Visitor: 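Dumping the structure here so I can ask a few things about it.
Every chain is numbered from 1, with letters handed out A, B, ... down the list of sequences. Since the model is a prediction, treat every value here as computed from it, not as a measurement.
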Protein chains: 2
Amino acid sequence: MGATKTEVFTEQQNRIADLAKAFAHPARVAILQHLAKTQSCICGDLVDVLPLSQATVSQHLKELSRIGIVKGNVDPPRVCYCINEVVWAEAKEAFGKLLTQFEGNFCC
Amino acid sequence: MGATKTEVFTEQQNRIADLAKAFAHPARVAILQHLAKTQSCICGDLVDVLPLSQATVSQHLKELSRIGIVKGNVDPPRVCYCINEVVWAEAKEAFGKLLTQFEGNFCC
DNA sequence: ATCCATAATCGCAATATTACGATATATTTT
DNA sequence: AAAATATATCGTAATATTGCGATTATGGAT
């Protein structure tokens, strides 16, 4: 054991969980906030801005890319990272829908 | 290493990450969806509804309680779990704000 | 060709998460 | 008092995540 049993959940539930993972680490929140703020998609600055090593930042960017919420354009020797608007909108929609599904019932 | 360096991030970033963790596992998404749907806060049904053991469900509920998004009322021998509207609203606000902070810049 | 800058990847160690069987706890029912 | 019910917790194993130093890879500059 130790691995999440993804097979037993719906596609939607697994996708929401994955999208949430993008925000489930403060470093990734910081990265996304920075990319959202700076109009131009600054790249290696992230390493300067964040109090983490280059290797660690790169790893978080890889995870964000896997989820799809961030995309990178290579412009050697730099890579220009920015938010993928399509997936960002998907997250907005998914969390919006999920969080309005509950409108307050005071049972406890 | 292996532990998140929470000290180097802002309170807000750490809180968002924590709130996101509530949704960062399909089982917890399923739990929250179930609690949001059923008007009465059904409790041990969760174990019947979810394809996970009682111990695992209990552990996820503990994590959701730690985050604060779920609260439980003991009514022995049962425990009645339900969504904590205050924290739910906090999540709604936090994600809403964060996800509208980006309005589309097409740099890549 | 050599050096420099940027970023990915490797390898590793520390820690966290996920999952579950077994056991403990607490209350209700019999 | 014993049995049944519901839930938490313990212990443990498997796997994932986090973090970083070192290395590699790529292309531009000297």
Side-chain angles (χ1 to χ4, degrees), chain A residues 1-9 13-14 17-18 20-32 34-35 40-67 70-82 108, chain B residues 1-9 13-14 17-18 20-32 34-35 40-67 70-82 108:
Chain A
M1 297 126 221
T4 295
K5 293 174 75 179
T6 48
E7 339 79 60
V8 302
F9 299 102
Q13 287 164 341
N14 284 314
D18 235 23
K21 269 185 200 166
F23 298 95
H25 190 288
R28 293 197 291 269
V29 172
I31 289 173
L32 291 169
H34 193 265
L35 291 179
S40 67
C41 55
I42 294 155
C43 13
D45 305 309
L46 285 167
V47 178
D48 299 334
V49 171
L50 297 175
L52 295 172
S53 76
Q54 183 264 319
T56 303
V57 172
S58 191
Q59 206 170 328
H60 281 301
L61 283 168
K62 190 181 179 184
E63 173 68 1
L64 289 170
S65 299
R66 183 192 64 77
I67 294 164
V70 150
K71 60 183 173 181
N73 251 23
V74 287
D75 171 27
R78 294 140 217 270
V79 177
C80 176
Y81 280 104
C82 63
C108 293
Chain B
M1 296 126 220
T4 295
K5 294 175 73 179
T6 48
E7 338 80 60
V8 300
F9 299 102
Q13 287 165 340
N14 283 315
D18 235 23
K21 268 185 202 165
F23 298 95
H25 190 289
R28 292 197 291 269
V29 173
I31 289 172
L32 291 170
H34 193 266
L35 291 179
S40 67
C41 56
I42 294 152
C43 13
D45 305 310
L46 285 169
V47 179
D48 299 333
V49 170
L50 295 175
L52 295 171
S53 76
Q54 183 265 321
T56 303
V57 172
S58 191
Q59 207 169 324
H60 281 300
L61 284 167
K62 191 181 179 183
E63 174 66 1
L64 289 170
S65 300
R66 183 192 64 78
I67 295 164
V70 150
K71 59 183 172 180
N73 251 24
V74 286
D75 172 27
R78 295 141 217 267
V79 177
C80 177
Y81 279 105
C82 63
C108 293

Visitor: Tell me the interatomic distance from B:Asp18, atom CG, to C:dA16, atom P, rounded to whole angstroms.
Guide: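 Going from B:Asp18 (CG) to C:dA16 (P), I get 13 Å.
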Visitor: Fit a plane to each ring of B:His25 and A:Phe9, take the angle between them on a 0 to 90° scale, and name the class: parallel (under 30°), tilted (30 to 60°) or perpendicular (over 60°).
Guide: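 The arrangement is perpendicular - the two ring planes meet at more than 60°.
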Visitor: What is the distance from atom CD1 of B:Ile31 to atom CG of B:Leu46, rounded to the nearest 0.5 Å?
Guide: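 Answer rounded to 0.5 Å: 6.0 Å.
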Visitor: Using a heavy-atom cut-off of 4.0 Å across all strands, would you classify A:Leu61 as base, sugar-phosphate, or nothing?
Guide: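 Since no nucleic acid heavy atom lies under 4.0 Å of A:Leu61, the category is nothing.
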Visitor: From C:dA19, D:dC20, C:dT17, pick the nucleotide closest to the side chain of B:Lys21?
Guide: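 The closest nucleotide is C:dT17.
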Visitor: Over all strands shown, is A:Gln59 touching base, sugar-phosphate only, or nothing at heavy-atom distances under 4.0 angstrom?
Guide: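 Here A:Gln59 touches the bases of the nucleic acid.
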Visitor: Could you check which of C:dA16, D:dT9, D:dG19 has an atom nearest any side-chain atom of B:Lys5?
Guide: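 The answer is D:dG19, which lies nearest to the side chain.
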Visitor: Rounded to whole angstrom units, what separation is found between the CG atom of A:Leu52 and the C1' atom of D:dG19?
Guide: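 Rounded to the whole Å, the gap is 8 Å.
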Visitor: Ignoring backbone atoms, test whether B:Thr56 places a side-chain nitrogen or oxygen under 4.0 Å from the OP1 or OP2 oxygen of C:dC20.
Guide: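 True: B:Thr56 side-chain N/O within range (under 4.0 Å) of C:dC20 OP1/OP2.
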Visitor: Roughly how many Å is it from CD in A:Glu63 to C1' in C:dT9, rounded to a whole number?
Guide: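 It works out to 16 Å between those atoms.
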Visitor: Could you tell me how far apart A:Gln13 (CD) and C:dT18 (P) are, to the nearest whole angstrom?
Guide: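 Result: 15 Å.
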Visitor: Could you tell me whether A:Ala55 contacts a base, only the sugar-phosphate backbone, or nothing, with contacts defined as non-hydrogen atoms closer than 4.0 Å?
Guide: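 A:Ala55: base contact, heavy atoms under 4.0 Å.
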Visitor: Does the D:dA6 base have a donor-acceptor partner in the side chain of B:Gln54 within less than 3.5 Å?
Guide: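 Counting by modelled atom types and ignoring angles, no donor-acceptor contact under 3.5 Å is found here.
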Visitor: Distance from A:Leu50 atom CG to A:Arg28 atom CZ, nearest 0.5 Å?
Guide: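 So the CG of A:Leu50 and the CZ of A:Arg28 are separated by 12.0 Å.
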Visitor: Rounding to an integer number of Å, can you tell me how far A:Glu7 CD sits from C:dT18 P?
Guide: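 Between P of C:dT18 and CD of A:Glu7: 14 Å.
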Visitor: Rounded to the nearest angstrom, tell me the gap between atom CZ in B:Arg78 and atom C1' in C:dT27.
Guide: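 Taking atom C1' of C:dT27 as the reference, CZ of B:Arg78 is at 11 Å.
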Visitor: So how far is it from B:Thr6 OG1 to B:Asp18 CG, rounded to the nearest 0.5 Å?
Guide: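 It is 10.0 Å, given to the nearest 0.5 Å.
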Visitor: Measure NZ/B:Lys62 against C1'/D:dT7 and give the value in whole Å, please.
Guide: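 So the NZ-C1' distance, B:Lys62 to D:dT7, works out to 13 Å.
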Visitor: Measure from the side-chain heavy atoms of A:Tyr81 and tell me the nearest of C:dT17, D:dG19, C:dA8.
Guide: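 Shortest atom-to-atom distance from the side chain points to C:dA8.
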Visitor: Please check the phosphate of C:dA7 (OP1 and OP2 only) for any side-chain N or O of A:Ser58 closer than 4.0 Å.
Guide: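 No, outside the criterion.
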Visitor: Nearest to the side chain of B:Val79 - C:dA7, C:dC20, D:dA8?
Guide: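 Nearest to the side-chain atoms of B:Val79, counting from C-beta on, is D:dA8.
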Visitor: Between C:dT17, D:dG21, D:dG19, which nucleotide gets closest to the side-chain atoms of B:Thr4?
Guide: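 In terms of side-chain proximity for B:Thr4, the closest of C:dT17, D:dG21, D:dG19 is D:dG19.
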Visitor: Hey, is the side chain of B:Arg28 poking within less than 4.0 Å of OP1 or OP2 on C:dT18, counting only N and O atoms?
Guide: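 True: B:Arg28 side-chain N/O within range (under 4.0 Å) of C:dT18 OP1/OP2.
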Visitor: On the nucleotide D:dT17, are OP1 or OP2 found under 4.0 Å from the side-chain N or O atoms that A:His60 carries?
Guide: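 No, no such contact exists.
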Visitor: Taking atom CG of A:Leu32 and atom NE2 of A:His34, what is their separation to the nearest 0.5 Å?
Guide: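 It comes to 12.0 Å.
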Visitor: Treating B:Ser58 as the side-chain partner and B:Gln54 as the backbone partner, does any N or O pair qualify as donor plus acceptor under 3.5 Å?
Guide: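 Judged by distance alone, no pair lies under 3.5 Å.
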Visitor: How do A:Ala3 and A:Pro51 order along DNA chain D: which one's closest nucleotide is nearer the 5' end?
Guide: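 Looking at the nearest nucleotide for each, A:Ala3 comes out on the 5' side.
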Visitor: What is the distance, to the nearest angstrom, from the CG atom on B:Asp48 to the C1' atom on D:dT5?
Guide: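 That distance rounds to 13 Å.
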Visitor: Between A:Ser53 and D:dG19, is there a contact of a side-chain N or O with OP1 or OP2 at under 4.0 Å?
Guide: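 Negative; the distance criterion is not met.
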